[in-house]
Amino acid sequence: MRIGIIGAGQIGGTLTSRLTKLGHEVFVANSRGPASLADLARETGAKPVPVREAARTGEVVVVTIPEGKIRDLPRDLFAGVPDDVVVIDTGNYYPRERDGRIGDIEVGMAESRWVANQLGRPVIKAFNPHFRFEIYF
Ligand SMILES: NC(=O)c1ccc[n+]([C@@H]2O[C@H](COP(=O)([O-])OP(=O)(O)OC[C@H]3O[C@@H](n4cnc5c(N)ncnc54)[C@H](OP(=O)(O)O)[C@@H]3O)[C@@H](O)[C@H]2O)c1
């Protein structure tokens, strides 16, 4: 499969490594741009791309960045991306340690529903031991 990965840290980097080994074609992006991913590309064979390209190239797109940074992604990131492209969210909400307070989550909204709202796309929560398999529309 063609798989887009937005975020190349602990989770995104590990998925890039595992998925390329399994024969998938991986397009990986971070906040600093493709040049900063040269080592990961060399080690795994993944293609480093800008964030928008990662969202548009995959048959599956994994969004794996700190929850608070979801707001920094382009609002139209998935505009025009076909509905059958599955978007996976791995995020956790850590208000004190990392993300700052997110009002909607503080008053009870499920974290992945908040992510889905920000992205304007349904997401599937996965690769995360804190949650059961869940789908947010
Ligand atoms: N690590 C775990 O064991 C684990 C387990 C379950 C869930 N999670 C959750 O999964 C998410 C990712 O965790 P992680 O541990 O992989 O994080 P991490 O190691 O801190 O990596 C974060 C990645 O996100 C990228 N990023 C940040 N802002 C971005 C933006 N605006 N556009 C594109 N890329 C951006 C960073 O790129 P730059 O370096 O270029 O800024 C970096 O590659 C978090 O929500 C975390 O809580 C993590």
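It should be emphasised that the depicted structure is a prediction, and the values quoted were computed from it without experimental measurement. In each ligand, atom 1 is the first atom listed, and ligand 1 is the first ligand listed.
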For residues 5-18, which side-chain donor-acceptor pairs fall under 3.5 Å, sequence neighbours excluded?
residue : atom : partner : partner atom : Å
T14     : OG1  : Q10     : O            : 2.5
T16     : OG1  : G12     : O            : 2.7

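- Under a 4.0 Å criterion applied to the non-hydrogen atoms of D72, ligand 1 contributes the atoms 31 (N).
- Considering every non-hydrogen atom in both V81 and A55, the closest pair reads CG2-O, 3.6 Å.
- Minimum heavy-atom separation, P74 to R52: CB-NH2, 3.4 Å.
- Paired with Y93 under the rule side-chain hydrogen bond (donor to acceptor under 3.5 Å, both in side chains), one option of R101, E67, E106, R98 passes, and it is E106.
- With a 4.5 Å cut-off on side-chain heavy atoms, F78 and V63 count as touching.
- Minimum heavy-atom separation, P48 to P34: CB-O, 3.6 Å.
- Here is the list of ligand 1 atoms found below 4.0 Å of a heavy atom in K69: 28 (N).
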Residues S31, D72; criterion side-chain hydrogen bond (donor to acceptor under 3.5 Å, both in side chains); working and verdict: CA-CA 9 Å; S31 75; D72 298 343; over 6 Å; no
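- Within the structure, side chain to side chain donor-acceptor pair (under 3.5 Å) contacts touching residues 40-51 (residues at least two apart or in different chains) are D39-R42.
- Heavy atoms of Y94 approach ligand 1 to within less than 4.0 angstrom.
- Residue F127 has no nitrogen or oxygen atom sitting less than 3.5 Å from a nitrogen or oxygen atom of ligand 1, judged on distance alone.
- Checking T64, N30, I65, T14 against atom 44 (C) of ligand 1, the nearest heavy atom belongs to I65.
- Annotation: G9 places an N or O atom under 3.5 Å from an N or O atom of ligand 1; distance criterion only.
- Only the side chain of V51 comes within contact range of ligand 1, with a heavy atom under 4.0 Å; no backbone atom does.
- Residue G91 has no nitrogen or oxygen atom sitting less than 3.5 Å from a nitrogen or oxygen atom of ligand 1, judged on distance alone.
- Checked against a 3.5 angstrom limit, the closest N/O atoms of Q10 and ligand 1 fall inside it.
- Within the structure, the closest approach of P66 to ligand 1 falls below 4.0 Å when heavy atoms are considered.
- At a heavy-atom cutoff of 4.0 Å, ligand 1 is contacted by the side chain of R98 but not by its backbone.
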